[in-house]
S.K.: 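Quick one: this structure, given as structure tokens, is what I'll be asking you about.
Predicted, not measured: the structure shown is a model, and the values here were computed from it. Residue indices begin at 1 and follow the sequence shown. Indexing begins at 1, ligand by ligand and atom by atom, following the structure's order.
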Amino acid sequence: MKKFPKDFLFGVSTSSYQIEGGNFNSDWYYFEKQGKIKTNSQTCCDHRNRFKEDLSLLKKLNLNAYRFSLEWARVEPEENKFDEKEIQYYKSIVKILRDNKIEPFLTLHHFTNPVWFYKKGGFEKKENIKYFLNYLNKIVNAFKKEVKFWIVFNEPNAFCFAGWTLGVNPPQKKDPILHLKVLRNILTCYQESYKIIHQNIKKAQVGIAQDIIFFEPFRKRSNLDWLATFLLDFISNEIIIKNLYEGKTLFPLGLGEKKEKVKADFIGINYYTRLLVRFDPNKFCFAKKIVNPKVKIKTQMGWEVYPEGLTQVLLRFKKYKKPIYILENGIATLNEKERENFILSHLEKILQAITQKINVRGYFYWSLLDNLEWAKGFTPKFGIVKVDFKTQKREIKESGYFYARIAQRKAI
Ligand code: FCB
């Protein structure tokens with residue numbers, strides 16, 4: 001048996017919109033109502049009403065950390081009108097976690113926005129950053145005694161890509177230049193948020209959850225595939241890395257106007273898969289993304305299972321010498337053995353990295369519950385707990401017990 005460090009965190013991640021239900025003031029719901037998104041997120045896992053039962057599962061699973069998000073539209077349904085009852089609801093989540101010695105990792109923005117903010121142009125406009133900071137100030141004040149780990153944004157790259165280049169998530173635009181502008185505004189907003197959190201909470205640990213897909217050229221001997229891989233990785237990953245962990249204020253296309261350096265106290269990584277990149281002049285960054293045709297297991301998302309990519313990602317971050325948290329890693333499958341192997345193989349890579357002096361401090365499986373997988377609806381099953389969406393009954397899956405044993409022993 002190989003042991004993890006004593007204080008290693010074993011957790012799970014969730015996000016408010018994907019589980020709570022009743023988020024009628026969020027932009028995703030607004031798009032659904034207009035028929036622009038074909039999901040039905042009215043109830044989701046009904047977590048808003050069942051959060052106590054759901055949180056009790058964490059203990060049963062022997063977990064000592066939990067990453068969750070606040071729904072901005074729930075807390076601030078109208079501009080500058082805060083709903084104290086909903087803030088209390090999130091406070092009771094944190095209390096339950098603290099009472100059970102489970103470390104809360106609080107995400108402030110996980111893809112969705114209040115409708116009122118969307119209607120003002122959301123993060124497309126730099127002058128709108130102040131609205132997010134107003135919300136942040138409120139939350140920092142409410143949680144400054146209880147929360148140490150702050151994840152300001154979830155996956156800025158995926159958020160921008162899905163909303164402004166692919167056009168599947170709100171606001172469903174296809175405008176890569178705007179995508180880059182939004183990314184810049186989010187990094188600026190992050191920077192301001194970092195300062196506010198630290199002004200209020202000295203010992204806070206502040207960062208983001210960055211989605212990192214491991215990209216490799218489809219044809220190893222093609223210069224064009226290498227070029228497309230480089231470009232895609234640069235825009236998707238490297239801009240954020242340079243800004244957050246190297247203190248650079250670099251931005252392409254003349255969008256750079258930041259004077260101060262962005263900072264982060266830890267490196268938060270969401271890692272799922274590898275994609276191969278083939279040069280295609282008609283695609284964003286000239287990059288056509290291809291799932292390795294040789295993959296043996298096709299997950300419900302069609303993704304490749306590639307734990308070796310996690311090793312590469314961790315090696316890439318080693319030089320920054322900051323604590324690293326894997327804030328999401330998971331598989332959508334109906335096969336419990338596959339999920340167990342997925343968890344085990346990725347934990348093995350993490351343990352190897354730790355022995356090579358890479359400072360990984362925690363692992364969060366995505367996700368606790370089967371949930372709304374955004375535009376893909378309820379079909380992909382990421383949970384280690386099954387949710388029957390008709391009865392809302394919860395049931396810990398085989399893989400859940402498997403993960404619980406690892407978390408208990410802190411060893412694989
Ligand atoms: C990530 C998202 C998360 C979930 C997983 C599968 O990109 O952060 O909300 O949908 O993918």
Side-chain angles (χ1 to χ4, degrees), residues 11-21 23 26-29 31-32 37 39 41 44-45 47 66-73 105-113 151-166 168-170 179 183 186 190 207-215 232 236-237 240 267-275 289 291 298-306 309-310 313 325-334 338-339 342-343 346 363-385 387 399:
V12 282
S13 282
T14 60
S15 94
S16 50
Y17 199 86
Q18 291 175 278
I19 58 174
E20 281 178 345
N23 278 317
S26 297
D27 55 358
W28 190 277
Y29 189 73
F31 272 65
E32 262 184 9
I37 292 180
T39 52
S41 64
C44 289
C45 310
H47 176 77
Y66 178 56
R67 177 184 166 215
F68 67 106
S69 72
L70 303 196
E71 191 68 17
W72 180 6
F105 278 59
L106 190 71
T107 309
L108 290 154
H109 186 276
H110 196 123
F111 291 175
T112 46
N113 294 307
I151 299 156
V152 182
F153 285 100
N154 179 64
E155 303 192 348
N157 169 62
F159 173 67
C160 296
F161 186 75
W164 285 269
T165 289
L166 263 191
V168 290
N169 290 6
H179 160 166
L183 182 61
I186 286 196
Y190 167 77
I208 65 160
Q210 183 176 3
D211 49 308
I212 305 252
I213 294 173
F214 180 56
F215 295 124
L232 184 66
S236 315
N237 301 328
I240 296 176
I267 294 169
I269 296 169
N270 295 355
Y271 174 79
Y272 287 90
T273 192
R274 157 171 80 169
L275 281 172
K289 298 179 214 159
V291 177
K298 272 256 179 191
T299 74
Q300 286 181 304
M301 302 291 278
W303 295 344
E304 178 182 14
V305 176
Y306 194 64
L310 179 57
V313 169
Y325 296 91
I326 306 302
L327 294 174
E328 284 181 32
N329 174 247
I331 179 173
T333 181
L334 296 171
E338 256 169 44
R339 196 186 321 276
F342 183 95
I343 294 174
H346 286 81
Y363 172 84
F364 293 73
Y365 178 79
W366 178 274
S367 187
L368 174 66
L369 306 170
D370 291 335
N371 59 43
L372 175 84
E373 179 42 35
W374 303 112
K376 294 205 160 54
F378 294 96
T379 311
K381 307 291 184 201
F382 275 98
I384 48 173
V385 174
V387 176
S399 57

S.K.: Closest non-hydrogen protein atom to atom 5 (C) of ligand 1, residue and atom name please, with distance?
M.R.: Tyr272 OH, 3.2 Å
S.K.: Any atoms of ligand 1 less than 4.0 Å from a non-hydrogen atom of Asn154? List them with their elements.
M.R.: 8 (O)
S.K.: Does the side chain of Asn329 pick up a donor-acceptor pair with the side chain of Tyr365 at under 3.5 Å?
M.R.: no
S.K.: For Asp211, which part has a heavy atom under 4.0 Å from ligand 1: side chain, backbone, both, or neither?
M.R.: neither
S.K.: State the atoms of ligand 1, each with its element, that fall below the 4.0 Å cut-off from a heavy-atom position in Gln18.
M.R.: 3 (C), 4 (C), 9 (O), 10 (O)
S.K.: What's the shortest distance from atom 10 (O) of ligand 1 to any protein heavy atom, and which residue and atom give it?
M.R.: Glu373 OE1, 2.7 Å
S.K.: Taking the side chain as every heavy atom from C-beta outward, state whether Ile269 and Val313 have any atom pair closer than 4.5 Å.
M.R.: yes
S.K.: Taking all non-hydrogen atoms of both residues into account, name the closest pair between Leu183 and Ile240 and its distance.
M.R.: CD1-CD1, 4.1 Å
S.K.: Looking just at side-chain N and O atoms, do Glu328 and Tyr272 make a donor-acceptor pair shorter than 3.5 Å?
M.R.: yes
S.K.: Nearest protein heavy atom to atom 2 (C) of ligand 1, by residue and atom, and its distance?
M.R.: Glu328 OE1, 3.4 Å
S.K.: Using heavy-atom distances only, which candidate in His110, Lys376, Met301 approaches atom 9 (O) of ligand 1 most closely?
M.R.: His110
S.K.: Hey, is ligand 1 close enough to Glu155 that some N/O pair sits below 3.5 Å?
M.R.: yes
S.K.: Can Lys289 be said to sit on top of Phe214's aromatic six-ring, NZ or CZ under 6.0 Å from centre and within 45° of the ring axis?
M.R.: no
S.K.: Do Thr39 and Trp374 get their side chains close enough for a donor-acceptor pair, meaning under 3.5 Å?
M.R.: no
